[in-house]
2 protein chains.
Amino acid sequence: MTKHALKLTIDRQSAVPLYKQIKEILIKELQAAAGETGRPFSTEHELVERFHVSRAPVRQALKELANEGYVYRERAKGTFPVQEMPVRPPGLELGGLVGFLRDQGMDCKSKILSVDWVLPTENLCEILRIEPNDKALRISRLIMLKGKPLVWAQTYLLVPEDFQPGKRELEEAESVFVLLEREQGILISRGDHQIYASGASQMVAEVLDIKDSEPVLITETKLYTRNDRLIGWRKAVHIADDYKLSFSVNR
Amino acid sequence: MTKHALKLTIDRQSAVPLYKQIKEILIKELQAAAGETGRPFSTEHELVERFHVSRAPVRQALKELANEGYVYRERAKGTFPVQEMPVRPPGLELGGLVGFLRDQGMDCKSKILSVDWVLPTENLCEILRIEPNDKALRISRLIMLKGKPLVWAQTYLLVPEDFQPGKRELEEAESVFVLLEREQGILISRGDHQIYASGASQMVAEVLDIKDSEPVLITETKLYTRNDRLIGWRKAVHIADDYKLSFSVNR
DNA sequence: CAGTGGTCTAGACCACGTA
DNA sequence: ACGTGGTCTAGACCACTGT
């Protein structure tokens with residue numbers, strides 16, 4: 001049972017904030033001790049003494065752990081680990097689905113169908129609040145799982161015309177967003193999602209290799225930069241039943 | 001344009017924490033000034049002076065406003081309102097869809113189809129980790145919008161047998177959860193959601209008054225109490241196209 | 001350079017649950 | 001009565017942005 005030695009102390013010289021170091025240590029310990037039932041977790045006081053810090057970084061670490069579902073806290077009672085560690089797959093995260101599925105050991109491939117500049121449809125003009133002659137970069141990507149189509153995503157981006165990612169480049173990067181950040185310094189920091197079910201259109205059916213009007217799950221996302229500028233829109237069509245979005249809501 | 005006077009000061013005698021009072025005031029001001037473009041928001045320093053408080057409550061208020069999508073903050077630059085106020089409809093919130101739709105001025109009714117104690121199916125036993133002879137309370141509810149079925153939700157709860165809500169009681173309460181809290185002191189505090197599209201089964205088609213195998217959106221939710229105890233499961237079937245889940249993801 | 005938000009210290013008082 | 005987490009004060013130093 002003696003695994004890798006767990007990092008036990010914090011580094012005051014590090015540029016990494018204390019609360020983040022504490023959080024990382026606690027996450028590792030929680031994962032190492034996963035399954036042990038009902039044992040109590042350290043109190044704020046114990047952590048303050050253990051790490052020789054004030055309450056603020058301890059509280060910030062515990063608060064983030066609670067927000068992310070690792071522990072729950074009850075006033076006057078204490079802090080307790082949740083029984084089942086959160087899985088938090090992406091899907092509503094922004095980009096990176098392919099990498100995630102691969103990490104899970106799934107046979108997952110991504111194919112760029114096309115990269116081109118297009119004139120927006122009327123619908124798209126309204127959504128992105130642009131004029132009909134403002135061109136947008138359209139990236140069409142098909143994600144395959146075990147050789148079968150899983151998701152077809154089309155992303156429209158309002159970016160300078162000198163952003164010209166190649167197909168291979170995109171396939172290697174696993175997400176447009178990392179290229180955007182690397183080459184243009186543009187960071188996508190928020191997505192407004194709408195999720196609904198629908199029947200596959202003829203084109204969708206063709207791309208995903210299913211029958212016409214078969215059920216599909218559609219997520220439409222408005223993409224915003226760090227400065228809250230609306231910079232793009234994405235529509236992803238997911239095969240029904242095979243693809244499930246998962247996530248938690250706390251209150 | 002002179003609406004109700006905005007509350008401008010905080011009440012130190014109130015039991016409501018300062019940061020919540022500040023947050024509420026700021027939300028009202030943001031909504032009142034919605035649409036005005038690009039104006040800067042108060043800095044932490046200004047708010048400290050305005051409300052005569054220390055930085056902590058101001059920071060907590062601003063942090064929550066940022067988490068909830070009202071403002072975004074940039075280090076060394078400032079805090080700025082987002083252009084479009086978040087709408088935040090529920091749907092993934094826990095309970096209260098009916099009330100929300102009514103607030104939006106929609107003609108929305110809720111009908112309890114049945115309330116009964118049932119033996120769990122094999123599938124449900126696995127999900128809730130119970131024995132096949134542990135009974136569960138099943139509540140079947142149909143939500144109608146403009147006279148047409150919108151959502152069919154079935155909730156299974158592991159609760160003491162003396163919790164016997166009546167149909168009328170449930171319809172008035174708008175959600176089982178408020179009754180659970182009021183009558184049993186049980187607070188549902190977390191939901192693990194799975195969302196997918198599927199074709200309507202024969203039974204679903206009948207209840208929702210649609211054709212067999214028409215697309216539907218399904219959300220399955222595991223319900224947890226404040227102590228992280230798995231206390232129930234809910235499966236909700238939504239009419240396709242008419243019903244869209246909406247929400248934001250920040251990173 | 002001054003001003004911003006991010007982090008941290010070292011205290012304090014409180015409401016609430018357990019014993 | 002005691003310990004828990006929730007809130008608050010009044011300071012401090014830092015990295016970064018804009019001028």
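The structure presented is a predicted model; accordingly, all values stated were derived computationally and were not measured.
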Inset, instruction - Any chance you could lay out the ring pair (Phe, Tyr, Trp, His ring centres under 6.0 Å) test for Phe80(A) and Tyr72(A), step after step, and finish with the verdict? - result: CA-CA 6 Å; Phe80(A) 308 89; Tyr72(A) 64 94; 5.5 Å; yes

[X] [atom1] to [N] [atom2], straight-line distance once rounded to whole Å:
{"X": "Glu44(B)", "N": "dT7(C)", "atom1": "CD", "atom2": "C1'", "answer": "11 Å"}
{"X": "Arg75(B)", "N": "dG3(C)", "atom1": "CZ", "atom2": "P", "answer": "18 Å"}
{"X": "Gln13(B)", "N": "dC8(D)", "atom1": "CD", "atom2": "P", "answer": "13 Å"}
{"X": "Glu49(A)", "N": "dG3(D)", "atom1": "CD", "atom2": "C1'", "answer": "13 Å"}
{"X": "Glu74(B)", "N": "dC16(D)", "atom1": "CD", "atom2": "C1'", "answer": "11 Å"}
{"X": "Arg55(B)", "N": "dC8(D)", "atom1": "CZ", "atom2": "P", "answer": "16 Å"}
{"X": "Arg59(B)", "N": "dC8(C)", "atom1": "CZ", "atom2": "C1'", "answer": "11 Å"}
{"X": "Tyr72(B)", "N": "dG5(C)", "atom1": "OH", "atom2": "C1'", "answer": "14 Å"}

So does [X] get a side-chain nitrogen or oxygen closer than 4.0 Å to the phosphate oxygens (OP1/OP2) of [N]?
{"X": "Tyr19(A)", "N": "dT7(C)", "answer": "yes"}
{"X": "Thr79(A)", "N": "dT4(D)", "answer": "no"}
{"X": "Thr43(A)", "N": "dT4(D)", "answer": "yes"}
{"X": "Lys77(A)", "N": "dT18(C)", "answer": "yes"}
{"X": "Arg12(B)", "N": "dT9(D)", "answer": "yes"}

Inset, instruction - Assign Arg73(B) to base, sugar-phosphate, or nothing according to its heavy-atom contacts below 4.0 angstrom with the strands shown. - result: sugar-phosphate

Inset, instruction - Verify the neighbour count for atom CD of Glu131(A): are there more than 12 heavy atoms of other residues, nucleotides or ligands below 6.0 Å? - result: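 No, because the 6.0 Å sphere around CD of Glu131(A) holds 12 heavy atoms or fewer from other groups.
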
Legend entry - Closest to side chain of Ala76(A), choosing from dT9(D), dT4(D), dG3(C): dT4(D)

Legend entry - Side-chain donor-acceptor pair present, Ser110(B), Arg141(B), cut-off under 3.5 Å: yes

Inset, instruction - Answer with yes or no whether the side chains of Arg234(B) and Thr221(B) bring together a donor and an acceptor at under 3.5 Å. - result: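 Per modelled atom types, Thr221(B) and Arg234(B) side chains form no pair under 3.5 Å.
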
Legend entry - Check against side chain to side chain contact (heavy atoms under 4.5 Å, CB included), Tyr19(A) and Val58(A): CA-CA 6 Å; Tyr19(A) 79 88; Val58(A) 165; over 6 Å; no

